[in-house]
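FYI, the numbering just counts along the sequence from 1. Below, each value reflects all heavy atoms present in this structure, side chains not excepted, and no hydrogens, waters or symmetry copies. Everything quoted here is computed from the prediction, not taken from an experiment.
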Amino acid sequence: MRLLVVNSNTTDSVTARIGAAARAAARPGTVIEAVSAPFGLPLIVTRADWLVAGPATLAALAERRGHYDAAIIACFGDPGLDAAKELAGVPVIGISEAAFHAACMLGRRFGIVSFTAALRPMFEDVLAHHGLTARCAGFRMGPAFAGDPGLVAEERAALLVDLCRQSVEQDGAEAVILAGGPLAGLAPSIAAQVGVPLIDGTVAAVRLAEALVGLAPPHAAPAARPRALTGFDEGLARLYAG
């Protein structure tokens, strides 16, 4: 089984983290290829960033088309997810989508913890999009962040543990999502300090994507569209055209 994991930002150190977490979670025999967005931003934070990241994510999927059995959008916010599901011809899952649904099966209500409060509006939007706002116990987020996103997990590990505990003790979360691609791989090192299931969206997405390959084999590509996509990446234009 071949899984393509797309980091929707351009920071290769974040892609390396995500790839390592994905490989650690994968079953024996599953091949993980982790790639950065071919253009865009070093970190996805705002709604505007999210909109820019959608075409970049689709371009990465288009570039490797035919080389994966399922794909994962490894950006918490899942930019381009609905379009990818429509166009890719194989299962595509986002790390927030995977984390939300995994959390719903591990607890009645889940908390969302991340390294900066600037992400909250985008997280609220994607939570509502998946129809799971009522299952969310609340958000616990860190202060503004302007450093290296590839190092934020270690730099803010103690803060994140404290935020997870607040989510459990003050918000009543029965499971906690550690939200954000830059936090991939952190959960195993802090889970024992939290006291409830701690969910890494990358891990959840890998395990669910492996299951979906068996449940939903490749489907026919969409019919050719009557209007050509112009001005975008050539691979993306071919993907859109079907």
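- Under the 4.5 Å side-chain contact rule for hydrophobic residues, I112 and I73 do not share a cluster.
- Residue pairs meeting the ring-ring contact (aromatic ring centres under 6.0 Å, His included) criterion with at least one member in residues 179-202, sequence neighbours excluded, do not occur.
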Which donor-acceptor pairs under 3.5 Å do side chains of residues 22-30 form with protein atoms, sequence neighbours excluded?
| residue | atom | partner | partner atom | Å |
| --- | --- | --- | --- | --- |
| R23 | NH1 | G19 | O | 3.4 |
| R23 | NH2 | I32 | O | 3.4 |
| T30 | OG1 | E210 | OE2 | 2.8 |

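- Among residues two or more places apart in sequence or in another chain, the side chain to side chain donor-acceptor pair (under 3.5 Å) test is passed with S96 by D78.
- Under a hydrophobic-cluster definition in which Ile, Leu, Val, Met, Phe, Trp and Tyr are linked whenever side-chain heavy atoms come within less than 4.5 Å, directly or via other members, F39 and L239 are assigned to different clusters.
- Using a 4.5 Å cut-off between side-chain heavy atoms of Ile, Leu, Val, Met, Phe, Trp and Tyr, with links allowed through other members, L208 and L215 fall into the same hydrophobic cluster.
- Of the possible donor and acceptor atoms, one in the side chain of D200 sits under 3.5 Å from a partner among the backbone N and O of G185.
- One N or O on the side chain of E97 and one on the backbone of G94 form a donor-acceptor pair closer than 3.5 Å.
- Hydrophobic clustering (side-chain heavy atoms under 4.5 Å, transitive across Ile, Leu, Val, Met, Phe, Trp, Tyr) groups V176 together with F123.
- Not a single donor-acceptor pair under 3.5 Å links the side chain of R109 to the backbone N or O of A173.
- The CG atom of D162 sits 10.5 Å away from the CD atom of Q193 when rounded to the nearest 0.5 Å.
- Contact detail for G77 and V126: the closest heavy-atom pair is O-CG2, 3.7 Å.
- A 4.5 Å side-chain heavy-atom check between R165 and V194 finds every atom pair outside the cut-off.
- Between I93 atom CD1 and L212 atom CG the span is 5.5 Å, to the nearest 0.5 Å.
- The closest donor-acceptor contact from the side chain of T11 to the backbone of V14 lies at 3.5 Å or more, if one exists at all.
- T15 pairs with exactly one of V5, V6, N7 by the side chain to side chain contact (heavy atoms under 4.5 Å, CB included) rule, that one being N7.
- With respect to the salt-bridge test (charged N to carboxylate O, under 4.0 angstrom), the residues R135 and E174 do not qualify.
- Pairing each heavy atom of A99 with each of G201, the nearest pair is CB-CA, 4.0 Å.
- In this structure the side chain of D69 never reaches within 4.5 angstrom of the side chain of V90, judged on heavy atoms.
- F76 has its ring centre less than 6.0 Å from the ring centre of F100.
- In this structure the side chain of L61 never reaches within 4.5 angstrom of the side chain of R65, judged on heavy atoms.
- When the salt bridge (charged side-chain N to carboxylate O under 4.0 Å, His left out) test is applied to E33, the partners found at least two apart in sequence or on another chain are R64.
- Considering only residues two or more places apart in sequence or on other chains, Y68 meets the ring pair (Phe, Tyr, Trp, His ring centres under 6.0 Å) condition with none of them.
- Residues S167 and V113 share a closest heavy-atom pair of CB-CG2, 4.2 Å.
- The local environment of CD in E155 is crowded, with over 12 non-hydrogen atoms from other residues, nucleotides or ligands closer than 6.0 Å.
- Residues I72 and T202 form no side-chain contact, since every pair of their non-hydrogen atoms from C-beta on lies 4.5 Å or further apart.
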Using atom types as modelled, flag every donor-acceptor pair under 3.5 Å from a side chain in residues 115-122 to any protein atom, sequence neighbours excluded.
| residue | atom | partner | partner atom | Å |
| --- | --- | --- | --- | --- |
| T116 | OG1 | A118 | N | 3.3 |
| T116 | OG1 | P143 | O | 3.1 |
| R120 | NE | E124 | OE2 | 2.9 |
| R120 | NH2 | E124 | OE2 | 3.4 |

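- R238 and E63 are not joined by a salt bridge, as no carboxylate oxygen comes within less than 4.0 angstrom of a charged side-chain nitrogen.
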